[in-house]
Amino acid sequence: MALTSPARMVLCRHLLGEPITTSELATRLGSSEPQVSRALRTLRDAGPVHSTRDGELVRHRLATDVVQRLGHDVLATVAR
């Protein structure tokens with residue numbers, strides 16, 4: 001259900017390649033940090049996003065193994 005939102009799918013595309021912070025994502029997407037943070041929380045709660053603390057920063061990354069378990073077509077859609 002978390003991946004049904006077009007905005008969250010776009011966010012996942014940015015999380016596919018590298019760990020990235022909420023503020024970096026907001027800048028890339030032209031969104032506010034609170035909007036990005038809410039979307040990340042939804043994705044984290046559902047499982048396809050993992051977040052790790054790096055000092056004061058929290059970096060987020062797409063858990064491709066989790067997405068792949070949903071189906072290869074889902075991962076292919078994210079990677080598009």
Side-chain angles (χ1 to χ4, degrees):
M1 212 47 173
L3 292 174
T4 60
S5 162
R8 287 192 294 263
M9 286 295 284
V10 169
L11 188 121
C12 285
R13 286 186 188 104
H14 288 275
L15 296 170
L16 189 56
E18 61 183 320
I20 188 169
T21 66
T22 303
S23 60
E24 290 169 329
L25 277 168
T27 299
R28 283 186 186 185
L29 298 170
S31 299
S32 71
E33 286 188 39
Q35 287 174 316
V36 172
S37 183
R38 280 191 297 276
L40 284 168
R41 183 174 43 246
T42 299
L43 291 165
R44 248 191 337 267
D45 290 348
V49 169
H50 290 259
S51 302
T52 55
R53 182 163 292 282
D54 180 17
E56 292 183 12
L57 300 175
V58 177
R59 298 192 184 274
H60 313 282
R61 173 172 263 194
L62 188 68
T64 53
D65 59 324
V66 174
V67 177
Q68 196 167 23
R69 276 186 255 142
L70 297 173
H72 291 286
D73 57 330
V74 176
L75 186 56
T77 301
V78 170
R80 251 193 266 160

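These numbers were taken from a predicted model, which means no experiment stands behind them. Just so it is clear, the values below take in all heavy atoms, side chains as well, and ignore hydrogens, waters and symmetry mates.
When all heavy atoms of A63 and G47 are compared, the pair lying nearest together is CB-O, 4.0 Å. The nearest pair of heavy atoms linking S31 to V36 is CB-CG2, 3.9 Å.
Taking hydrophobic clusters as Ile, Leu, Val, Met, Phe, Trp and Tyr residues chained together by side-chain heavy-atom distances below 4.5 Å, L11 does not share a cluster with L57. In terms of hydrophobic clustering, with Ile, Leu, Val, Met, Phe, Trp and Tyr side chains grouped at heavy-atom distances under 4.5 Å, L29 and I20 are assigned to a common cluster.
Looking at heavy atoms from C-beta onward, V58 lies in side-chain contact with R53 at the 4.5 angstrom threshold. In this structure the side chain of L43 reaches within 4.5 angstrom of the side chain of C12, judged on heavy atoms. Annotation: side chain of R44 is in contact with side chain of H60 (closest heavy-atom distance under 4.5 Å). You'll find the side chain of L25 reaches within 4.5 Å of the side chain of L15, heavy atoms only.
Considering R59, R13, R28 in turn, R28 is the only one that fulfils the salt bridge (charged side-chain N to carboxylate O under 4.0 Å, His left out) rule with E18.
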